[in-house]
Amino acid sequence: MRHPDFSQIPFSERENSKEKGIPFPHSLFESGIPPYLRGPYTTMYTQRPWTIRQYAGFSSAAESNAFYKKNLAHGQKGLSVAFDLPTHRGYDSDHVRASGDVGKAGVAIDSVEDMVLLFDGIRLDDISVSMTMNGAILPVTAFFLVTAEEQGIPFSRLSGTLQNDILKEFMVRNTYIYPPKASMRIVSDIFSYSSRHLPRFNPISISGYHMHEAGASADLELAYTLSNGWTYVQAGLAAGIPLDEFAPRLSFFWGVGMDHFTEIAKLRAGRVLWAYLIQSLNPKDPKSMMLRAHTQTSGWSLTRQEAYNNISRTYLEALSAVLGHTQSLHTNALDEAISLPTDFSARIARNTQIYLQQEPNITSVIDPWGGSEHVEKLTHELIEKAWHHMVEIDSLGGMIKAIEQGIPQRKIEELAVQKQIEIETAERIIVGVNAYRSAEEPPLPVREIDDISLREGQIRRLRERKRVRNSEGVQEALNRLTQAAEGKENLLSAALNAARKRATLGEITQALEQVWGRYKTSPSALSGVYARGMEKKEDYQEARQLSRRFAQTHGRQPRILLAKMGQDGHDRGFKVVATAFSDMGFDVDISPLFQSPEEVAQQAADHDVHFVGVSSLAAGHNTLVPQLLEALSKHQCEHVHVILGGIIPEQDHEHLYHLGVRAIFGPGSVLTESVRQILQPWMEDKTST
């Protein structure tokens, strides 16, 4: 692996800069010229603003199609497709593990016909399409290409981006399917196919966003994202693809949070670092050194309390992204800490970008913060800090080996716990959560998806499609795909052949799974991080004392099984709770990801727990939690208290309490207070003794 020597990065390469009294000589760099500090294009937004690319998709392909058409008619310039969790994990809607998740956090895509319906009446050569897909990237891309074929569009005219960033899935997001080595083979094959057939399509979007949302600081997000990018570049070169054929079409995906100036500096620093990384490979095309980015405002910074404040938060974060020179942008909706966005909130989110483009006149200036001593200082500091982390990753043998050792994951988790401590101690002020709280809050309307009816409809269509297709031709294509995984044939080419024969997403996934298996990991919790930050706080000591009283009364420490059911892999809050509860005196068992309600109930019985804490962020609680309660009853675990945490609309609380859920905690909950609310009812419940 070839890294340039950090000491040789010419931050002071402009002659006589020190004599001129310029504190940060890199500020003399210009837009459109390597290392692209002040923007990747010479004129930046003065000729063309960033692309408004709202990430959206829910329910059925037909409903998402109607939503897309409405947004395109009101100023949106590109589409960014959100897929539901079973699709991400390679399951058709009729799979037992799809229960509770179909159409909830994105659109359900089981077949070519679903993709055709998703883009019905939308010419794929008229718009740019981004597809946020990683684990099941092969069938989803194949379905998209077949849809283009059936619209009569040559692949050469398609433009857009595949996320296809599997390394960050193993770090923080967890919607992987296959082991790392096999997953990297898929990435390389998509690079290879794209370089020959999809000249206007970006074959990967290297994502720091999910690290940002998992708790990473700006320097860690930069370092780990760029290190992942470096790994993909090496994979492309190892596959025999010339650097200048694929490097100009690599794109990046940043998160932006509430630290306004740091976020501006982060995007600027990322471009400098990437330019010097690629420069070390001696590209002939300067565009190979260009870092182009999509950006999304933070979901973690949104609050369920006083949710209308989220409009201001999103506006500020969007402004940071724009002043940092993003090429496209998604702005989150005000209600995403509560439920899926409604049409009302989605319109406000989209119009936030239109407002920024049309009213404040910020697109008439290139790099308005360039030359600011504060922003240039932050940029310089982030370059140095990020590079330090990147050198560390390189010394471990690269990002794949670092991930296998759990080092990036652990550092991000530690920062997530630290941020939780800052919120609970009010070191980090969040208006409406730990300061300036209102006594009353009117409930917000929420979007509800009937996943049971939707799943039934998807299953009916799947059965009909399988009935009318040529089953023999499908099996032949699937066999060829399996052979490609065993051999050297391009995997996207083989998956495209299977899609043309009408193989389903689940069947294509299974054909590869026969060779590679399905990757599994077991989450673990840090120890002592929460305690070190909270040990002098009175409410922390009270929580510890309550745990000791529980142990004295019941003969052992309170024991909790923390579980995520369904296919949701977001585990930031899950891990923070595990760490905090362990430090506050609980025995904490952590369930593997992607468990069924029956599997969680079995683990609760086997471990003889007092509590099951369920993390739900993908709106599957109304289906999965009742199934869990029923399964616990079958295992004679009625005494086990079920605790629910995550994004749970207020309107659902009464129903869940009626079913038997003992407590519900949403975003912004104080963990010491959560311990009190969990333990006191148990100690007062005579039936539990």
- prompt: Who are the side-chain hydrogen bond (donor to acceptor under 3.5 Å, both in side chains) partners of His635, not counting sequence neighbours?
  reply: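 By the side-chain hydrogen bond (donor to acceptor under 3.5 Å, both in side chains) rule, His635 matches Glu598.
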Looking at every heavy atom in both [X] and [Y], which two are closest together, and how far apart are they?
X      : Y      : value
Ser93  : Ala108 : OG-CB, 4.1 Å
Glu336 : His330 : OE2-NE2, 4.4 Å
Thr87  : Val107 : OG1-O, 3.9 Å
Gln420 : Ser669 : NE2-O, 3.5 Å

Got [X] and [Y] here, is their nearest side-chain heavy-atom distance under 4.5 Å?
X      : Y      : value
Tyr530 : Tyr540 : yes
Leu624 : Leu628 : no
Ser99  : Gln627 : yes
Pro649 : Asp652 : yes
Gln603 : Gln595 : yes
Val577 : Phe665 : no
Gln651 : Val446 : yes
Asn65  : Phe67  : no

With a 4.0 Å cut-off on N to O distance, would you call [X] and [Y] a salt bridge?
X      : Y      : answer
Arg447 : Asp343 : yes
Asp608 : Arg556 : yes
Glu422 : Lys419 : no
Arg410 : Glu413 : no

Would the distance check show the side chain of [X] and the main-chain N or O of [Y] forming a donor-acceptor pair, the cut-off being under 3.5 Å?
X      : Y      : answer
Gln409 : Ile403 : yes
Glu673 : Val670 : no
Asp165 : Ser207 : yes
Glu507 : Thr504 : yes
Glu424 : Leu671 : yes
Asp583 : Ala580 : no

Under a 3.5 Å threshold, yes or no: a donor from one side chain and an acceptor from the other, between [X] and [Y]?
X      : Y      : value
Asn134 : Arg173 : no
Asn622 : His655 : no
Thr521 : Tyr176 : yes
Ser298 : Glu213 : yes
Asn71  : Gln54  : no
Gln296 : Asn332 : yes
Gln567 : Arg89  : yes
Tyr91  : Gln510 : no
Ser301 : Glu317 : yes
Gln305 : Thr303 : no

Check whether more than 12 heavy atoms from other residues, nucleotides or ligands sit under 6.0 Å from atom [atom1] of [X], and answer yes or no.
X      : atom1 : value
Tyr436 : OH    : no
Glu654 : CD    : no
Arg549 : CZ    : no

Starting at [atom1] of [X], measure out to [atom2] of [Y] and round the result to the nearest 0.5 Å.
X      : Y      : atom1 : atom2 : result
Asn309 : Leu334 : CG    : CG    : 10.0 Å
Lys564 : Ser616 : NZ    : OG    : 7.0 Å
Met131 : Leu118 : CE    : CG    : 10.0 Å
Gln545 : Phe550 : CD    : CZ    : 14.0 Å
Asp335 : Leu444 : CG    : CG    : 6.5 Å
Asp114 : Ser60  : CG    : OG    : 8.5 Å

message: Applying salt bridge (charged side-chain N to carboxylate O under 4.0 Å, His left out) to Arg465 and Asp92, what does each step give before you reach the verdict?
response: CA-CA 13 Å; Arg465 289 160 192 158; Asp92 287 337; over 6 Å; no
Test salt bridge (charged side-chain N to carboxylate O under 4.0 Å, His left out) applied to Glu414 and Lys411, step by step: CA-CA 5 Å; Glu414 287 176 355; Lys411 288 192 174 184; over 6 Å; no
- request: Test salt bridge (charged side-chain N to carboxylate O under 4.0 Å, His left out) on Arg97 and Glu599 and set out the steps.
  value: CA-CA 11 Å; Arg97 291 195 178 275; Glu599 288 168 334; 2.7 Å; yes
- prompt: Yes or no on side-chain contact (heavy atoms from CB on, under 4.5 Å) for Ile166 and Ile186, after CA distance, side-chain angles and deciding distance?
  reply: CA-CA 9 Å; Ile166 200 63; Ile186 292 173; over 6 Å; no
task: For salt bridge (charged side-chain N to carboxylate O under 4.0 Å, His left out), just list the numbers for Arg461 and Glu464, CA-CA rounded to whole Å, side-chain angles, deciding distance to a tenth of an Å, and then say yes or no.
output: CA-CA 5 Å; Arg461 286 189 290 275; Glu464 177 60 20; over 6 Å; no
query: Residues two or more places apart in sequence or in another chain: which of them pass salt bridge (charged side-chain N to carboxylate O under 4.0 Å, His left out) with Asp451?
result: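 Expected list: Lys104.
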field: Asn174 vs Glu169, side-chain hydrogen bond (donor to acceptor under 3.5 Å, both in side chains): CA-CA, chis, key distance, verdict
entry: CA-CA 5 Å; Asn174 300 314; Glu169 298 297 327; over 6 Å; no
task: Could you note down all residue pairs passing salt bridge (Lys or Arg N to Asp or Glu O under 4.0 Å) where residues 514-543 supplies at least one of them, sequence neighbours left out?
output: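 Every pair satisfying salt bridge (Lys or Arg N to Asp or Glu O under 4.0 Å) with a residue in residues 514-543: Glu513-Arg518.
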Trace of the ring pair (Phe, Tyr, Trp, His ring centres under 6.0 Å) decision for Tyr519 with Phe170: CA-CA 10 Å; Tyr519 186 72; Phe170 295 114; 5.1 Å; yes
query: Is there a side-chain contact (heavy atoms from CB on, under 4.5 Å) between Phe574 and Ile590 once you walk through the steps?
result: CA-CA 9 Å; Phe574 179 68; Ile590 303 179; 3.5 Å; yes
task: Classify the angle between the aromatic ring planes of Phe611 and Phe586 as parallel (below 30°), tilted (30 to 60°) or perpendicular (above 60°).
output: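 Because their plane-to-plane angle lies in the 30° to 60° range, the rings of Phe611 and Phe586 count as tilted.
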